[in-house]
Amino acid sequence: MDMRCWAVMGLLAFAASAEAAPSLSCQLQSGQFKVGGGGKPRVSAFIWATGHGSTTPTGPIRTRIGRIDPVEGRDYKRAIKLDGKPVLLPPDAQSVIGFGKVYDFKDAIALAYLGEREEDSSARPSQIVIVINKAGSVIDSDVLPGTSLNPGKHCLLID
């Protein structure tokens with residue numbers, strides 16, 4: 001085989017392996033997601049904002065990497081702090097954070113939440129998943145847009 005044939009075969013193998021990897025939301029749902037040797041996570045729910053007064057916000061989340069606090073950000077969006085220090089969220093994860101789940105792995109956490117982004121409506125928020133390490137850095141993220149009619153390769157984590 002000549003070099004071009006090997007290059008094409010390599011690209012095809014790379015594309016096939018990239019498609020085989022499940023999304024972050026599906027890895028969390030199936031228990032495949034691992035970070036920092038943390039084994040099975042502790043999972044709990046949180047509520048930071050509600051559309052009506054019948055539910056009380058739960059406030060800060062205590063995790064093994066520290067205390068996660070919701071704070072007001074720009075344009076009514078929520079920001080997140082870890083032990084009082086701001087966590088820089090990826091642009092597609094910036095939203096009004098309603099409620100969700102925290103997956104507490106020993107050395108990192110995954111926040112899966114419904115968030116209303118600029119392109120969403122309150123009736124159809126996005127499902128956003130972010131993974132935060134002990135240093136307060138977002139090391140992975142996954143967004144299922146609220147405008148999407150089909151979850152595709154994403155898994156629904158929030159009821």
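Predicted model only: the values in this text are computed from it and were never measured. Just so you know, residue 1 is the first one in the sequence shown, and it goes up from there.
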Are the side chains of [X] and [Y] in touch, meaning some heavy atoms are under 4.5 Å apart?
{"X": "R64", "Y": "R42", "answer": "yes"}
{"X": "S44", "Y": "K101", "answer": "no"}
{"X": "I68", "Y": "V102", "answer": "no"}

Inset, instruction - May I ask you to decide if S95's main-chain N or O and E116's side chain share a donor-acceptor pair within less than 3.5 Å? - result: no

Legend entry - Approximate separation, where rounding is to 0.5 Å, of I130 CD1 and D142 CG: 11.5 Å

Inset, instruction - Identify whether the distance between the nearest side-chain nitrogen and carboxylate oxygen of D83 and K81 falls below 4.0 Å. - result: no

Inset, instruction - Please list all pairs passing the disulfide (SG to SG under 2.5 Å) test where one or both residues lie in residues 95-141, with sequence neighbours left out. - result: none

Legend entry - Qualifying disulfide (SG to SG under 2.5 Å) pairs with a residue from residues 128-159, counting only residues at least two apart or across chains: C26-C155

Legend entry - More than 12 heavy atoms from other groups under 6.0 Å of CZ on R124: yes

Inset, instruction - Would you indicate whether L88, at its atom CG, is surrounded by more than 12 heavy atoms from other residues, nucleotides or ligands within a distance under 6.0 Å? - result: no

Inset, instruction - Tell me yes or no: between the side chains of T63 and D104, is some donor less than 3.5 Å from an acceptor? - result: no

Legend entry - Y113-L144 co-clustered via ILVMFWY side chain contacts under 4.5 Å: no

